[in-house]
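Bear in mind the structure is a predicted one, so any value in this text is a computation, not a measurement.
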Amino acid sequence: MDATFATGKELQKMDPVFGQLSFDDHEQIVFCNDKDTGLKAIIGIHNSVMGPALGGTRMWNYNTEWEALNDVLRLSRGMTYKSAITGLNIGGGKAVIIGDAKTQKTPELMRKFGEFVHSLGGRYITAEDVGMETKDMDTVRDVTPYVTGISEERGGSGNPSPITAYGVYLGMKAAAKSQFGTDVLEGKKVLVQGIGHVGEALVEYLTKEGAIVTITDINEEKLFQVAQKYNATVYTGADLYTADVDIYAPCAMGAIINDDTVNKIKAKVIAGAANNQLADENVHGQRLQERGILYAPDFLINAGGIINVYAELEHYGKAEIMTKTENIYNTTLEIIDYAVKNGMTTHKAALTIAQNRIDLRKIENAAAKK
């Protein structure tokens, strides 16, 4: 078969892991399987130059194993740059468990997953993500010390979602300042897509400031509950990307800015908690810039959660967590300024600055070994 004319699926078969664009020089990928508990998981360690790979575990009912693999690779890579841009001395990693968190997650499954994490000897440190709760991390902690985001009762930092939302809120304010000339969100129309733990906390911050908040989520029961709680409007239009709002905050799954949506978006600022919002970071980041839409890099403004769990490793308290998270505001402004001065997208600017820090540390590590 001539690879020049091979379809995407055929190419996947030829290069099932190393050939994926999302592989991006991952150091290690671990496939975990346990027949007794039904565990099927993938752990990705993207880069450990800055330190052990830290990143949450996501449990999701993926349609295919390919989808799960691509997700963990994209998420793991994102963690590398998230930690670097935030100034944390840790590497990037992530894990996904294939399955329905509501019906298939058991304490036995979580403990077995913890055993796989433990087998890596600290190269990967896990935490909670979509489909996970603090209590799940406590269960993992029963079998390995390589876990963060455990309950405060067990000496952890607790649920990172409120801190994640706070960072997104500050990043949104910084983007608004650059785009609208003020960081005051009172009266600004904001659409929040996805009202899980982080999305709901973001809605609370926005409501308190007086923003006009519209929300949407696939969980209708939660949607109307949050709408009533914060007096938010439930989006009822046919296509949320065409909504007449000032700010669009994606807080659900990734790749929502893609070929189908990038030209529909009417918002002038995109600032949300979802990871990997750009389906193709080069193509879609450039298109947003051409359309005059300011994109706040997701791996920067949603870094509050990793700051929160990192505190468990470095043993600093709430005050330091808040200080580091509040710095997301300044870093966002710096990224936007860097992008303008260097004629690049904000996403590329953030990646460049993060990679520069990683490259410098790599040189320092090599020198220390001599």
Side-chain angles (χ1 to χ4, degrees), residues 43 45-58 75-76 78-95 110-111 113-129 132-171 197-198 201 273 299-331 354 357-358 360-362 364-365 368:
I43 299 171
I45 298 174
H46 178 251
N47 190 291
S48 61
V49 170
M50 302 299 298
L54 174 61
T57 296
R58 170 174 295 186
L75 290 166
S76 176
M79 292 306 301
T80 293
Y81 296 114
K82 181 182 299 190
S83 297
I85 197 69
T86 315
L88 307 181
N89 293 317
I90 45 175
K94 206 78 174 185
M110 293 310 304
R111 277 192 285 270
F113 173 72
E115 290 175 13
F116 278 107
V117 170
H118 192 71
S119 72
L120 294 171
R123 274 182 53 76
Y124 169 65
I125 302 168
T126 196
E128 67 183 75
D129 200 320
M132 291 292 159
E133 306 285 345
T134 303
K135 64 180 180 181
D136 298 318
M137 295 304 104
D138 283 351
T139 302
V140 171
R141 183 66 181 81
D142 289 341
V143 296
T144 182
Y146 305 124
V147 55
T148 57
I150 58 176
S151 63
E152 294 182 59
E153 292 78 14
R154 296 190 62 170
S157 56
N159 182 5
S161 298
I163 303 297
T164 302
Y166 184 53
V168 172
Y169 169 67
L170 293 174
H197 295 312
V198 177
F299 64 86
L300 166 61
I301 70 170
N302 69 10
I306 199 72
I307 291 170
N308 190 66
V309 296
Y310 182 66
E312 295 179 31
L313 303 179
E314 293 298 308
H315 308 292
Y316 56 74
K318 290 289 185 184
E320 183 68 14
I321 289 172
M322 295 308 288
T323 298
K324 288 182 180 295
T325 303
E326 285 165 359
N327 195 49
I328 288 174
Y329 179 94
N330 296 323
T331 306
R357 184 166 186 255
I358 294 168
L360 180 60
R361 177 59 62 85
K362 193 171 184 179
E364 290 172 351
N365 290 346

Of all the heavy-atom pairs spanning N302 and V168, show the shortest one and how long it is.
CA-CG2, 3.9 Å
Does a side-chain heavy-atom distance below 4.5 Å link I90 with M50?
no
salt_bridge(E320, K324) N-O dist < 4.0 Å
yes
What one should report as the nearest heavy-atom pair of T139 and M110 is CG2-CB, 3.9 Å
When every non-hydrogen atom of S48 is compared with those of R123, the smallest separation belongs to OG-NH1, 3.8 Å
If you look at every heavy atom in A53 and I45, which pair is closest and at what distance?
CB-CG2, 3.8 Å
Could you walk me through whether Y81 and N47 pass the side-chain contact (heavy atoms from CB on, under 4.5 Å) test, one step at a time?
CA-CA 9 Å; Y81 296 114; N47 190 291; over 6 Å; no
Counting distance only, does the side-chain N/O of D138 pair as donor-acceptor with the main-chain N or O of S151 below 3.5 Å?
yes
Taking it one step at a time, do I43 and F113 satisfy side-chain contact (heavy atoms from CB on, under 4.5 Å)?
CA-CA 10 Å; I43 299 171; F113 173 72; 4.2 Å; yes
With rounding to the nearest 0.5 angstrom, report the CD1 to CD1 distance, I163 to I306.
13.0 Å
Rounded to the nearest 0.5 angstrom, the OG1-CD1 distance for T164 and I301 is 11.0 Å
Using a 4.5 Å cut-off on heavy atoms from C-beta on, say whether the side chain of K318 contacts that of N308.
yes
E312 and V147 have their tightest heavy-atom pair at OE1-O, 4.1 Å
Under a 3.5 Å distance rule, please check whether N89 uses its side chain to pair with a backbone N or O of G51 as donor and acceptor.
no
Would the distance check show the side chain of D136 and the main-chain N or O of E133 forming a donor-acceptor pair, the cut-off being under 3.5 Å?
yes
Donor-acceptor check, side chain of Y166 to backbone of A201, threshold 3.5 angstrom: yes or no?
no
What residue among D129, T57, T126 forms side-chain hydrogen bond (donor to acceptor under 3.5 Å, both in side chains) with K94?
D129
Side-chain heavy atoms of Y310 within contact of T148, under 4.5 Å
no
Step through the shown structure and confirm whether more than 12 heavy atoms of other residues, nucleotides or ligands are within 6.0 Å of NZ on K362.
no
Could you grab the distance from atom CZ of F299 to atom OG of S83, nearest 0.5 Å is fine?
11.0 Å
Euclidean distance, R111 CZ relative to D142 CG, rounded to 0.5 Å:
6.5 Å
Would you find a donor on one side and an acceptor on the other, under 3.5 Å apart, between the side chain of T86 and the backbone of L88?
no
Is there a side-chain contact between T325 and I328, using heavy atoms and a 4.5 Å cut-off?
yes
Less than 4.5 Å apart, side chain to side chain, heavy atoms only: is that true for H46 and M79?
no
Hey, are the side chains of E152 and T134 touching, using non-hydrogen atoms and a 4.5 Å cut-off?
no
Working to the nearest 0.5 angstrom, can you tell me the gap between I307 CD1 and E314 CD?
12.5 Å
Identify the heavy atoms of S161 and H197 that sit nearest to each other, and give their distance.
OG-CB, 3.2 Å
